[in-house]
Amino acid sequence: MPLKVYNTLTGQKEEFKPLHPPKVGMYVCGVTVYDYCHVGHARGALTFDIIRRYLKYKGYELTYVRNITDIDDKIIQRAAELGIPWDELAGKYAEEYYKDMQALGIAKADYEPFATKHIADIQKVVQQLIDNGYAYEVEGDVYFEVRKFTTYGKLSGRNPDDMRSGARIEVDQRKRDPLDFALWKSSKPGEPSWDSPWGNPQGGKGRPGWHIECSAMSTRYLGDSFDIHGGGKDLIFPHHENEIAQAEAASGKPFVKYWIHNGFVQVDQEKMSKSLGNFFTIKDILVEYPAEVVRFFLLKTHYRSPIDFSDKHLEEAKRGLERFYNTFHDVDLAFKGHVDKALSISELDTYREKFEAAMDDDFNTALAIGVLFDLARHTNRLLRDNDSSQSLFANVELIKELGGVLGLFEQEVIRVTFGANVSMSVNVKMLKPEELVALLVEDRNKARANKNWASADAIRKQLEELGIIIEDRPEGTIWRFKV
RNA sequence: GGCGGCAUAGCCAAGUGGCUAAGGCAGAGGUCUGCAAAACCUUUAUUCCCCGGUUCGAGUCCGGGUGCCGCCUCCA
């Protein structure tokens, strides 16, 4: 089945045909490190984590680059407010960013370049643009001349003549056109700076503009033309539009084939953002919910749709996840089942095919999760009918394998055994002293044997308050953690 | 003002021309059970914001309207 992706550049879903199969190059705009990351950043990172995982599942050889912006106005401003060096601030939040990503189960990209480590590459592109006649220098600043790039606006569907530049900010009179944007900025005394050929007769000090680093670093690692470039919807204009102008004006070649943009996380129907102040940091949320719940919550909605962030929705996601874990546990418990109506291999293949069809359709994780729910229900049904535990393990394996493509069900588990014939898998991260629980369960069962229901119920209730669920089943008592 | 997106059950959310509109959560009834939980079964949208149109046939395409959101300024 062909993979289809929605391409912002054409406004359509297109069949994914890499430039040099099976190799695929993907560049994603990461974060500017001046503060903690919030759930919106998590969604962006997660979207491309899924795309990466699925491309690999499909057998592509992916090179994934995700940058970190460690020099810009916000960093300088925030550092000044705090009275600390700008690079100390950037370093600190880069560290925090790495921690957040790791906590969310989002692996590092193959390359995670920092802007300040690529000043030479950036200057090379700026010079190239000047040489090609697309950029001009004014008092140490270098601007891109938008009117020279005739296809400007093709990504965001804008016409330069329609844009009301300067409607909300003052236009720098030194620019030839209000739309022109900075490639290189001269530095004021005390600001971070690098030597440059621009400004003063013999060259001056300055720093890169915001957009140029992505053009420079993406092509540095992936070549002048590559397959996928991604980021949040808010980057379409001006950031990505400008990247295209810079890269194509410099190289003379098409820059990116597929542009992919993820939708926003909203709070009460409004975009979650730093400027509105309505954000929740990743750290805050991970105190309340396991990372897997956050991941599941985000993947229940297609990546391009807006998603409303709320406690209620997180709780819903948690319960849904619990459903899968219950199935895993129950199949474990049915270890000694017998063989009859097993799911055939071809039936399992049908689920795999449906899952792939969903993911092939522009990474439709919401639909794909629906397929996993179907398989879980099917498995529970077979379990009820006393089917083969062997074949049901195959079901669970498939759920875990496909869930793994979404980064779900990946936690390390250990097997815990009670008495002679009851055992189960426990998420090791959530592990509490299991011997103690086993002991309490034993005590409770003694109480039950004596029909001391009050005592038995009290133990169950107390354990539940600790996050441990007791269930009395025909085959014996089991316990599990709440998700 | 320009450009783009969204509107599907109590809530969340798939579906973008054709069998009875996925799935999850919540609710109701049932099976099981000391009780509870889990699981399973049944049930919850004659209908997809409104009005026109195209078509044998539209939630799905086209036109108009209403509401909401985003970008045009830093933003994932």
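Convention: sequence-line order gives letters A, B, ...; per-chain numbering from 1. Values below: all heavy atoms of this structure, side chains included; hydrogens, waters and symmetry mates excluded.
- Going from atom CD1 of A:Ile478 over to atom P of B:A38 covers 12 Å, rounded to whole Å.
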In B/S/- notation (B base, S sugar-phosphate only, - none; protein heavy atoms under 4.0 Å), nucleotides 26-35 of chain B written 5' to 3' is S-------BB
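- Residue contacts for A:Ile470: at a heavy-atom cut-off of 4.0 Å it reaches a base atom on one of the strands shown.
- B:G63 sits 23 Å from B:C69 when the C1' atoms are compared, rounded to a whole Å.
- The side-chain contact (heavy atoms from CB on, under 4.5 Å) test with A:Ile228 is passed by exactly one of A:Asn7, A:Leu55, A:Leu222, A:Leu62: A:Leu55.
- Residue A:Glu464 is out of contact with every strand shown, counting any heavy-atom pair closer than 4.0 Å.
- Here the side chain of A:Asp100 pairs no donor or acceptor atom with the backbone of A:Ile282 at under 3.5 angstrom.
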Dot-bracket assigned to RNA chain B with the 3.5 Å Watson-Crick/G-U criterion, [ ] for crossing and | for other-strand pairs, is ((((((((.[[[..)..(....]]].(((((.......))))).....[[[[[..)....]]]]])))))))....
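- Taking only side-chain atoms of A:Glu316, from C-beta outward, the nucleotide of B:A38, B:A22, B:C11 with the closest atom is B:C11.
- Relative to the side chain of A:His302, the nucleotides B:C68, B:A39, B:A14 differ in distance, and B:A14 lies closest.
- Among the nucleotides B:G24, B:C72, B:A37, the one closest to any side-chain atom of A:Arg323 is B:G24.
- Rounded to whole Å, the P atom of B:U54 lies 30 Å from the corresponding atom of B:G2.
- Residue A:Lys271 places at least one side-chain N or O closer than 4.0 Å to OP1 or OP2 of B:C71.
- Across all strands shown, A:Ile236 has no heavy atoms under 4.0 Å from either base or sugar-phosphate atoms.
- Classification of the A:Tyr325-A:Phe409 ring pair by plane angle, with boundaries at 30° and 60°, yields perpendicular.
- One side chain, A:His378 or A:Tyr351, offers a donor N or O that lies under 3.5 Å from an acceptor on the other.
- Counting non-hydrogen atoms under 4.0 angstrom, A:Lys74 reaches a base of the nucleic acid.
- Of the P atoms belonging to B:U43 and B:A22, the separation is 12 Å, rounded to the nearest Å.
- Taking atom C1' in both B:A13 and B:A45, the straight-line distance is 14 Å, to the nearest Å.
- Proximity of a side-chain donor or acceptor of A:Ser305 to a complementary backbone N or O of A:Thr301 within less than 3.5 Å is not detected.
- A:Glu270 has its CD atom 16 Å from the C1' atom of B:G5, to the nearest Å.
- Comparing the same atom, P, in B:C12 and in B:G4 gives a spacing of 27 Å after rounding to whole Å.
- Atom name P, nucleotides B:C61 and B:A26: the rounded distance is 33 Å, in whole Å.
- Not one side-chain nitrogen or oxygen of A:Arg158 sits closer than 4.0 Å to the OP1 or OP2 atom of B:C71.
- In this structure, of B:G24, B:A76, B:C11, it is B:C11 that holds the atom nearest to the side chain of A:Lys312.
- For A:Ser305 and B:A14, the shortest distance from a side-chain N or O to OP1 or OP2 is below 4.0 Å.
- Here the P atom of nucleotide B:G23 and the CZ atom of A:Phe355 are 18 Å apart, to the nearest Å.
- The distance between atom CD of A:Glu471 and atom C1' of B:A39, rounded to the nearest whole Å, is 9 Å.
- Atoms CG (A:Asn364) and C1' (B:A22) sit 11 Å apart, rounded to a whole Å.
- Among the protein residues, A:Gly40 comes within range of the nucleic acid bases, having at least one heavy atom under 4.0 Å from a base atom.
- In terms of position along RNA chain B, the nucleotide closest to A:Gly320 lies nearer the 5' end than the nucleotide closest to the other residue of the pair A:Gly320 and A:His239.
- A:Phe355 pairs with exactly one of A:Leu406, A:Asp374, A:Thr350 by the side-chain contact (heavy atoms from CB on, under 4.5 Å) rule, that one being A:Leu406.
- Residue A:Ser273 is in base contact, counting any heavy-atom pair closer than 4.0 Å across all strands shown.
- In this structure, of B:C11, B:G70, B:G24, it is B:C11 that holds the atom nearest to the side chain of A:His313.
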- Please assess A:Asp73 against A:Arg207 for the test salt bridge (charged side-chain N to carboxylate O under 4.0 Å, His left out), listing each intermediate value before the final yes or no. CA-CA 10 Å; A:Asp73 293 348; A:Arg207 58 193 167 91; 3.0 Å; yes
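- Atom CZ in A:Phe237 sits about 8 Å away from atom P in B:C72, given to the nearest Å.
- Contacts of A:Gly30 with the nucleic acid, taken as non-hydrogen atoms under 4.0 Å apart, involve only primed sugar atoms and P, OP1 or OP2.
- Atom C1' of B:C32 sits at a distance of 12 Å from the matching atom of B:A37, rounded to the whole Å.
- In summary, A:Asp141 and A:Lys175 do not engage in a salt bridge, as defined by a charged side-chain N under 4.0 Å from a carboxylate O.
- Between the side chain of A:Arg381 and the base of B:C41, no donor-acceptor pair under 3.5 Å is found.
- Distance, A:Asp308 CG to B:G70 C1': 14 Å, rounded to whole Å.
- Looking at A:His239 and A:Cys214, their side chains come closer than 4.5 Å, going by heavy atoms from C-beta outward.
- Note: A:Phe328 and A:Phe324 have tilted aromatic rings, judged against thresholds of 30 and 60 degrees for the angle between ring planes.
- Counting non-hydrogen atoms under 4.0 angstrom, A:Lys451 reaches nothing in the nucleic acid.
- Aromatic ring pairs are classed by plane angle as parallel below 30°, tilted from 30° to 60° and perpendicular above 60°; the pair A:Phe16 and A:Tyr258 is tilted.
- The structure places NE2 of A:His41 at 14.0 Å from CG of A:Leu46, a figure rounded to the nearest 0.5 Å.
- Nucleic acid contact for A:Val371: none, since no nucleic acid atom lies under 4.0 Å from a heavy atom of the residue.
- If you take atom P in B:G18 and the same atom in B:C62, they sit 15 Å apart, rounded to whole Å.
- Within the 4.0 angstrom heavy-atom criterion, no nucleotide atom of any strand lies near A:Lys233.
- Along RNA chain B, the nucleotide nearest A:Val265 and the nucleotide nearest A:Tyr6 are compared for position; the residue whose nucleotide lies closer to the 5' end is A:Tyr6.
- Residue contacts shown for A:Ser156 are limited to sugar-phosphate atoms, with no base heavy atom under 4.0 Å away.
- Atom CG in A:Asp362 sits 6.0 Å away from atom NZ in A:Lys13 (nearest 0.5 Å).
- In terms of phosphate contacts, A:Arg377 brings a side-chain nitrogen or oxygen within less than 4.0 Å of OP1 or OP2 of B:G24.
- Using a 4.0 Å heavy-atom cutoff across all strands shown, A:Asn262 reaches at least one base atom of the nucleic acid.
- Not a single donor-acceptor contact under 3.5 angstrom links the side-chain atoms of A:Lys300 to the base of B:C12.
- Taking atom CG of A:Leu276 as the reference point, atom P of B:A76 lies 13 Å away to the nearest angstrom.
- Residues satisfying the salt bridge (charged side-chain N to carboxylate O under 4.0 Å, His left out) test with A:Glu241, not counting sequence neighbours, are none.
- Minimum atom distance to the side chain of A:Arg473 is reached by B:A38, of the listed B:A38, B:A14, B:C69.
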